[in-house]
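These notes are about the structure you will find just below.
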Amino acid sequence: MEINKWLNNVIEYIEINLDSTIDIDEIAKIAFTSRYHFQRMFHSLSGFTVGEYIRNRRLTLAAEELTSKDVRVIDVAIKYGYESIDAFTKAFQRLHGVSPSKIKKGNIRLKAFPKISFQISIQGECELNYRIVKKEKFKVFGVDFETTIVDNALYEEIPQFCNGIWDDGTHHRINEFLGFSKMNMLHGIHYDFKKDGSRKYMMGWEIPNKDIPNEYKVVEIPSCTFAVFDVKANNLNRFAIGDLWKRIYSQWFPTSGFEEVEGVYIEKYFWDDNEYDDYTCEVWIPVGRR
């Protein structure tokens, strides 16, 4: 597939330029897509942000070079884009668990972060349900916090946040305000994305026709076209929505005429016929025509 070729061309470009400045906009052009869509797709398929991948590859090569007695730490640090030994040492220790100066003494265990390649397989026998929804601007309300995709922190922090608002009664109070059953699952809303990988995550709902209590945050979502995907799940298959995200990026985007655009991402959950063991997950992704 062409998407395989484009992504692997990106990896080759990164490899050639690990000791030079690498511009995200430039590598997005190699993948024939926007910077925004490229970064989201790269992270979903590889599990790393583009910046994390580049940093880990540079620190892997730096460690290899430092095993030579003929190089200085400062020279290797500068070669791979670090302006000071302190910054280089901190990054190096996070990956390898030891300082670069200790490597010079020899017999040190290091971590190798290998070059990746993309091998996307499109499975046609398992259908992927979706619909395209054009939605006018609307407002949501709820409680939120800031998280990040760096080091995949959001996969730990979001469940902790959700458990917290269940435990302290916030989830139940919002449902009471909406007139829903306490078992109704609020929507997960990703918004306010930053270039450093951070974003806000809200558990909330669309604003009803009444005043919102001051304790909740209100966010306006601009008019947008969404690609909406759904999957059935139950308490024995709690990773269904995670698998759905992976299939969207590995199966749908590479073969569709759409790409992501900047906007708000929404995860919705619906209990099936009031049976709390079975539910439907929906993923709403802002898209535009390529």
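When a residue number appears, it is its place in the shown sequence, counting from 1.
- The salt bridge (Lys or Arg N to Asp or Glu O under 4.0 Å) test applied to E52 returns no partner, not counting sequence neighbours.
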Per-pair distances, 0.1 Å, donor-acceptor, side chain in residues 201-209, under 3.5 Å, sequence neighbours excluded:
from, atom 1, to, atom 2, distance (Å)
E206, OE2, K135, NZ, 3.4

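- Considering only residues two or more places apart in sequence or on other chains, F193 meets the ring pair (Phe, Tyr, Trp, His ring centres under 6.0 Å) condition with Y265.
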Tell me which donor-acceptor pairs under 3.5 Å the side chains of residues 84-95 have, and how far apart each pair is, sequence neighbours excluded?
from, atom 1, to, atom 2, distance (Å)
S84, OG, A87, N, 3.1
T89, OG1, I85, O, 2.8

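- When the shell of 6.0 Å around CG of D167 is examined, it contains more than 12 heavy atoms from other residues, nucleotides or ligands.
- Residue pairs meeting the salt bridge (Lys or Arg N to Asp or Glu O under 4.0 Å) criterion with at least one partner in residues 156-166, sequence neighbours excluded, are absent.
- Under the ring pair (Phe, Tyr, Trp, His ring centres under 6.0 Å) criterion, F32 pairs with W6, not counting sequence neighbours.
- Applying the ring pair (Phe, Tyr, Trp, His ring centres under 6.0 Å) test to Y13 and every residue at least two apart in sequence or in another chain returns nothing.
- Residue pairs meeting the salt bridge (Lys or Arg N to Asp or Glu O under 4.0 Å) criterion with at least one member in residues 11-32, sequence neighbours excluded, are E12-K115, E15-R57, D25-R35.
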Can you give me every donor-acceptor pair (side chain of residues 171-178, partner residue at least two apart or in another chain, under 3.5 Å) with its distance?
from, atom 1, to, atom 2, distance (Å)
H171, ND1, N175, ND2, 3.3
H171, NE2, L186, N, 3.2
R173, NH1, D168, O, 3.3
R173, NH2, T170, OG1, 3.0
N175, OD1, N184, ND2, 3.0
N175, ND2, S181, O, 3.4
N175, ND2, K182, O, 3.4
N175, ND2, N184, O, 2.9

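- In this view, R131 and E282 satisfy the salt bridge (Lys or Arg N to Asp or Glu O under 4.0 Å) rule, not counting sequence neighbours.
- Few gaps surround NZ on K210; more than 12 heavy atoms of other groups in view lie less than 6.0 Å from it.
- Without hydrogens or angle criteria, S44 side chain to M41 main chain gives no donor-acceptor distance under 3.5 Å.
- Residue pairs meeting the salt bridge (Lys or Arg N to Asp or Glu O under 4.0 Å) criterion with at least one member in residues 214-224, sequence neighbours excluded: D144-K217.
- For residues 185-198, the salt bridge (Lys or Arg N to Asp or Glu O under 4.0 Å) pairs, not counting sequence neighbours, are D192-K194, D192-K200.
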